[in-house]
Structures are given as C-alpha cells and as structure tokens.
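Bear in mind the structure is a predicted one, so any value in this text is a computation, not a measurement. For reference, positions follow the sequence shown, starting with 1. Side chains included, hydrogens not; waters and symmetry mates left out as well; all remaining heavy atoms used.
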Amino acid sequence: MSNKSKGILMGDDGDLLVEVTRDAQGKILDGLIVGDVTSQNQNTILLAEKGEIKNSPLLGVGIASYLDDETPSELLREVRINLRMDGQKIRSCGFDDNGKLIIQGGYED
C-alpha cells in the first residue's frame, strides 16, 4: 500500500469510522480506523464538482451533471483525467453490462 492510499476511513454515510479501544483504566488508546482509502477517494472525486475539494479546487468530476448524456466518452475522459490529477494510475475505466462504472487502477508506490 502506498503512502497516498493509506488514510482515515469513512463509512457509507460519510462519517468517520470509529472503533474505540480502551486500556484497563478506561483511557482511549485508539479510535479512528486507518486503511486503504483509494476507493473512497475515487468516490469523492467522482461526486465532487470542481471547487468543492478545498485543497484541490480544480479536482472533481461532478458525475451528476453527466446523467442525461447519451454518450459516456466525455465522462470517462473526465474520470481518467481527474484520478490521474490525484496521483492515481488508471489502467482502464468503463461501464460493465449493467451500467456500473468500473475503475481499474489506483495509487502506486
């Protein structure tokens, strides 16, 4: 796992994943769950409009704005560009037979 792919995980509701561990006296030792954030970062970039990600205002696909498009080529291009801007290496990006967006790739060392 590369350094960029490791971070604090969020649940499906967008809240931080917390699993509190206490010592014998009840003091909190650990709490936040750390793991591979690649898919959560991809999801954030797909959903965000440009300007919504504070430290990277040019980053964001705004996938909702592509809902009425007849051809997905512009969306797929925008997805690849934005994920590469985030430092990910994208091997492929497209839709499966059910219309689900499939992204193969991520952060590499």
Show me the donor-acceptor pairs within less than 3.5 Å that the side chains of residues 75-83 make with the rest of the protein, sequence neighbours left out.
| unit_1 | atom_1 | unit_2 | atom_2 | d |
| --- | --- | --- | --- | --- |
| R77 | NH1 | E74 | OE2 | 3.3 |
| E78 | OE2 | K50 | NZ | 2.9 |
| E78 | OE2 | N82 | ND2 | 3.1 |
| N82 | OD1 | G60 | N | 2.8 |
| N82 | ND2 | E78 | O | 2.8 |

Checklist outcome for this item: What one should report as the nearest heavy-atom pair of G106 and T38 is CA-CG2, 3.9 Å

Solution key, residues 65-73 side-chain donor-acceptor pairs under 3.5 Å, sequence neighbours excluded:
| unit_1 | atom_1 | unit_2 | atom_2 | d |
| --- | --- | --- | --- | --- |
| S65 | OG | G62 | O | 2.6 |

Checklist outcome for this item: Hits for side-chain contact (heavy atoms from CB on, under 4.5 Å) against N55, two or more places apart or cross-chain, chain-then-number order -> I53

Next on the checklist: On a heavy-atom basis, which atom in L9 and which in G35 lie closest, and how many Å separate them?
Outcome noted: CG-N, 3.8 Å

Item to check | hydrophobic_cluster_shared for I33 and M10, side chain cutoff 4.5 Å | outcome: no

For residues 42-49, tabulate all N or O donor-acceptor pairs below 3.5 Å that involve a side-chain atom, not counting sequence neighbours.
| unit_1 | atom_1 | unit_2 | atom_2 | d |
| --- | --- | --- | --- | --- |
| Q42 | NE2 | Q88 | OE1 | 2.8 |
| T44 | OG1 | Q40 | O | 3.0 |

Next on the checklist: Could you see if I90 belongs to whatever hydrophobic cluster contains I102? Use Ile, Leu, Val, Met, Phe, Trp, Tyr and a side-chain cutoff under 4.5 Å.
Outcome noted: no

Item to check | salt bridge (charged side-chain N to carboxylate O under 4.0 Å, His left out) partners of residues 81-105, not counting sequence neighbours, each pair once | outcome: K4-D86, R91-E108

Side-chain donor/acceptor pairs under 3.5 Å, residues 13-21, sequence neighbours excluded:
| unit_1 | atom_1 | unit_2 | atom_2 | d |
| --- | --- | --- | --- | --- |
| D13 | OD1 | D15 | N | 3.0 |

Next on the checklist: Tell me every residue that passes side-chain contact (heavy atoms from CB on, under 4.5 Å) with L58, counting only those two or more places apart in sequence or in another chain.
Outcome noted: M85

Checklist entry - Does CG in D12 sit with more than 12 non-hydrogen atoms of other residues, nucleotides or ligands closer than 6.0 Å? => result no

